[in-house]
There are 2 protein chains.
Amino acid sequence: MTARTSSESARVIPEATVARLPVYLRALTALAERGIRTCSSEDLAAAAGVNSAKLRKDLSYLGSYGTRGVGYDVDYLRYQIAREIGVTHDWPVVIVGIGNLGHALANYSGFRSRGFRVVALLDADLERTGELVAGVPVRPFDDLEAIASEHSVAIGVIATPAAAAQDVADRMVAAGVTSILNFAPAVISVPEGVDVRKVDLSIELQILAYHEQRKAHEHARDEHPDLPEMPAVVGGDQ
Amino acid sequence: MTARTSSESARVIPEATVARLPVYLRALTALAERGIRTCSSEDLAAAAGVNSAKLRKDLSYLGSYGTRGVGYDVDYLRYQIAREIGVTHDWPVVIVGIGNLGHALANYSGFRSRGFRVVALLDADLERTGELVAGVPVRPFDDLEAIASEHSVAIGVIATPAAAAQDVADRMVAAGVTSILNFAPAVISVPEGVDVRKVDLSIELQILAYHEQRKAHEHARDEHPDLPEMPAVVGGDQ
DNA sequence: TAGATTGTTAATCGATTAACAATC
DNA sequence: TAGATTGTTAATCGATTAACAATC
């Protein structure tokens, strides 16, 4: 087995694990708010909605922060995960596109409380310049470069219509943004080294609809138990 | 090999594939709007942002809707995917919690255009009853059961604060909702057979922050090429 | 010491991908 | 027929899970 120096903990955390770390962080915060100082992997897994084997496996990628026979110190583990994710310091963020969704994002308190500071709201519609949203003035989209360099913005949020998304992404990348959260219903392409995550409300609903439809089929079959589960035709084509 | 009757196409589509079908559907719609009648797996994969091998594998779970040497008929494939997902007919949806996010969701045109019909907006704050949002009146949360049974609502959207989410979910399930899209930053538990999908804005940002932080480390190392890539201590403990 | 719970192993499962035979 | 492109196979990769030795 290979160990590393203490200053740089062992690494390459699987993507699936990275995506769950914020969930664990939130669950630990909820436990702390209820005055709980120590928890087992079973407790935390329940609070996070995963099974405890997966939780322990995930945490094992970060290091060895529990005590056998005892469990985890809530505050200590919380700090370690926050440090791992990088939310122990502040991240300046710009939001482009201040429609209904941009409005909601600007007002979302969960950003600020988790280390994300909205340094600017940008909109292509100059009519909106100066309007205050969540206490932050809306500025022209063309101010992007100036703002990004002034605040060293690395993370941008796109909340524009689909048609504008690629242009906004290009401008963001040119301005030095290297991580983009895209709410526009469009696929955007970015150079190597730039991360894009996509949140698409109607896609989520469509995934639910698919499963909903299958449930309906299941019920239909329940009502016709004479239909075979697998009406197989061996060797049949198509 | 086993084939099925034509009325019920072969099945059990992997989750990862199901999650991409709406992406393909949207890409096909975009191609159709550009007047494109036929496309290769390479074309469609590019439009959807995946590689073509994955696309073909995904489509193969639905059936055999392409023509070797030619490609796919855009409209035909679009219909087949829409049918598979279940968005050829309308799904009535209720949205609970009409804050900033609920507002944005109610106004989101992408729902209606993809077969989702918002039949009611509900809010626990009775002060808001009667307010029109996107042309739909806000109603008291207690109307949930009546509305759900009147419209046979199977899909519910939670856009409340975290503290209310579990209660809303319980009431939805009791009212016959079997699929929930949860925007509240809380883990909700539901009985077997109910599907929950979760969209969490700050979790997405935290995942980006993690990768952003790693990029910063990479750069730091670039500037200190004398640091070994893996300062390994073989046999060291921890 | 006895009981509890972590961290790790190893088996299993599911997803991705390249390559290519089938076939238009 | 020659060229193009699908649908499928098989190899690889990554994620999940149960089980348990390590150890508090």
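Within every chain, numbering begins at 1; the chains are lettered A, B, ... in the order of the sequence lines, protein sequences first and strands thereafter.
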Could you tell me whether the phosphate oxygens of [N], OP1 or OP2, come under 4.0 Å of any side-chain nitrogen or oxygen in [X]?
X        : N       : value
Arg56(B) : dA19(C) : no
Ser64(A) : dG7(C)  : yes
Ser41(A) : dT6(C)  : yes

From dG7(C), dT16(D), dA15(C), nucleotide with atom closest to Ala16(B) side chain |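 The closest nucleotide is dA15(C).
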Give a yes-or-no answer on whether the side chains of Ser202(B) and Arg26(A) include a donor-acceptor pair shorter than 3.5 Å.
->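 There is such a pair between these side chains.
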Short side-chain donor-acceptor distance under 3.5 Å, Thr17(A) and Asp58(A) |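 Yes, side-chain donor-acceptor contact under 3.5 Å.
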Over how many whole Å does the gap from [X] atom [atom1] to [N] atom [atom2] extend?
X        : N       : atom1 : atom2 : answer
Leu62(A) : dT8(C)  : CG    : C1'   : 15 Å
Leu55(B) : dG7(D)  : CG    : P     : 10 Å
Asn51(B) : dA19(C) : CG    : P     : 12 Å
Lys54(B) : dA15(C) : NZ    : C1'   : 8 Å
Glu15(B) : dC13(C) : CD    : P     : 18 Å
Arg68(B) : dT23(C) : CZ    : C1'   : 5 Å
Asp58(A) : dT17(D) : CG    : C1'   : 12 Å
Tyr72(A) : dT6(C)  : OH    : C1'   : 6 Å

Name the nucleic acid region contacted by Glu42(A), choosing base, sugar-phosphate or nothing; use a 4.0 angstrom heavy-atom cut-off, strictly under.
->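 The answer is nothing, as Glu42(A) stays clear of every strand by at least 4.0 Å.
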With a non-hydrogen cut-off below 4.0 angstrom, is Ala53(A) in contact with a base, only sugar-phosphate, or nothing?
->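 The answer is base, as Ala53(A) lies within the cut-off (heavy atoms under 4.0 Å) of a base atom.
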Name the pairing partner of dA22(D), where a pair is Watson-Crick or G-U wobble with both distances under 3.5 Å, or state none.
->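 Here dA22(D) is engaged in a pair, and the nucleotide opposite it is dT5(C).
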In the strands shown, is dT17(C) matched to any nucleotide by a Watson-Crick or G-U wobble pair with both distances under 3.5 Å, and which?
->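 Partner of dT17(C): dA10(D).
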is_close_aromatic(Tyr79(A), Tyr76(A)), centroid dist under 6.0 Å |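 Ring centres of Tyr76(A) and Tyr79(A) not closer than 6.0 Å.
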Gln80(B) pairs by side-chain hydrogen bond (donor to acceptor under 3.5 Å, both in side chains) with which of Glu84(B), Arg83(B), Arg78(B)?
->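 Exactly one pass, corresponding to Arg83(B).
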Report the residue (Thr17(A) or Val70(A)) whose heavy-atom-nearest nucleotide on DNA chain D is the more 5′ of the two.
->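 Mapping each residue to its closest nucleotide by heavy atoms, the 5'-most match is Thr17(A).
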First of Thr67(B) and Pro14(A) reached from the 5' end of DNA chain D, by closest nucleotide |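 Closer to the 5' end of DNA chain D: Thr67(B).
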Report the relative orientation of the aromatic rings in Trp91(B) and His89(B); use parallel for angles under 30°, tilted for 30 to 60°, perpendicular for over 60°.
->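 Tilted: the ring planes of Trp91(B) and His89(B) meet at 30° to 60°.
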